[in-house]
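This chain uses plain numbering: 1 for the first residue, then up along the sequence.
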Amino acid sequence: MKKIYLGLIALATLAGCNQTSEKESGEKKMVIGVTMLSMQNEFIVNVSDEMEKKAQELGIELITVDAERSALKQIEQVESFIAQKVDAIVMNPCEVEASSPAVTKALAAKIPIINVNSETSTKPSAFVGSDDVESGRIAMKFIAEKLGGKGNVVMMHGYMGQAAQIKREQGAREILKQYPDLKLIAHQTGEWDRAKSMSLMENWIQSYGRDINAVFAQNDEMGMGAVNALTAAGMKDKVIVVSIDAIPDALQAVKKGTLDATVFQNAQQQGAKAIETAMKLYKGEVVEKEVLIPFQLVTKNNVATFIK
């Protein structure tokens with residue numbers, strides 16, 4: 001036991017010497033701790049991949065962890081980053097309120113923290129993402145125009161309490177208010193998940209049947225689940241489905257005509273700008289407190305420009 005203990009001291013001393021020599025030689029790599037909402041979500045994985053690309057380009061080391069949709073786990077991960085004395089933290093928050101203590105802890109430790117893609121009520125050093133209210137407006141406006149301002153809509157929510165869920169619902173309801181004959185007959189969480197949303201859509205088909213004229217799914221995974229259920233029920237040609245993110249599956253579905261539209265969210269720019277912002281903050285440079293990247297409607301008419 002004593003030998004192990006002494007060995008650990010020796011390793012710690014050596015690591016300390018290495019860090020000192022790195023600093024003296026100016027070769028110390030910037031280290032960013034990254035905690036992502038869920039690496040089971042395709043869009044989130046895309047953002048993470050883009051961060052990794054940008055970090056490699058800039059010579060930055062990333063320590064990326066998966067919060068697995070748990071705000072408590074995310075806070076613990078940020079605490080670990082603080083203990084590791086990372087140079088900056090990028091967080092893709094699990095929840096608006098429940099992930100906020102992570103921001104408070106990072107700021108108290110004087111470590112810059114950047115929220116990417118999703119927000120917290122406690123303001124971080126900077127936010128890089130898109131205005132989710134805008135995406136909800138774009139999607140519901142498309143539905144309203146396709147239905148001539150009249151019909152029945154169902155809405156699939158993401159995780160309740162997450163910024164994207166709250167804001168996409170807000171944007172959609174703003175448009176619904178402008179069309180009194182457009183009725184929201186059901187809304188429920190599909191948890192951003194394709195299989196769960198397919199099951200939810202099957203339940204709605206049993207409950208409302210041919211009364212459903214359109215589905216607004218707050219992300220593409222849920223939109224694809226809805227499409228699968230409607231197709232199996234022989235109803236897809238009668239029901240409009242619109243979702244958000246423009247993941248590859250959704251773009252192909254728009255091209256085929258099974259998904260009526262998606263709203264493009266730019267994972268490449270969100271990921272890259274999050275890392276660039278973290279580096280600027282680390283260097284003490286002035287950054288924009290909020291970097292908003294616009295959403296774009298994708299239909300069969302313009303889908304070719306979004307398919308890689």
Donor-acceptor under 3.5 Å ([X] side chain, [Y] main chain):
X	Y	value
Arg194	Met222	no
Ser243	Gly223	no
Asn117	Asn92	no
Ser48	Ile44	no
Thr189	Gly158	yes

- Residues Gln265 and Gln270: side-chain donor-acceptor under 3.5 angstrom: yes
- Query: Asp260 and salt bridge (Lys or Arg N to Asp or Glu O under 4.0 Å): which partner among Lys238, Lys146, Lys255, Lys236?
  - Reply: Lys236
Answer yes or no: is there an ion pair linking [X] with [Y], defined by an N-O contact shorter than 4.0 Å?
X	Y	value
Lys29	Asp87	no
Arg137	Glu134	no
Lys167	Glu119	yes
Glu169	Arg173	yes
Lys54	Glu57	yes

- Knowing that exactly one of Glu191, Gln188, Glu221 qualifies, which makes a side-chain hydrogen bond (donor to acceptor under 3.5 Å, both in side chains) with Lys196? Glu191
- Message: So, applying side-chain hydrogen bond (donor to acceptor under 3.5 Å, both in side chains) with Asp132, which one of Arg168, Gln165, Gln218 is it?
- Response: Arg168
- Note on the structure: Taken to the nearest 0.5 Å, the spacing of Asp211 CG from Ile205 CD1 works out to 12.5 Å
- Item | Whether His157 and His187 hold their rings parallel, tilted or perpendicular, with breakpoints at 30° and 60° | perpendicular
- Do other residues, nucleotides or ligands put more than 12 heavy atoms under 6.0 Å from the CD atom of Gln252? yes
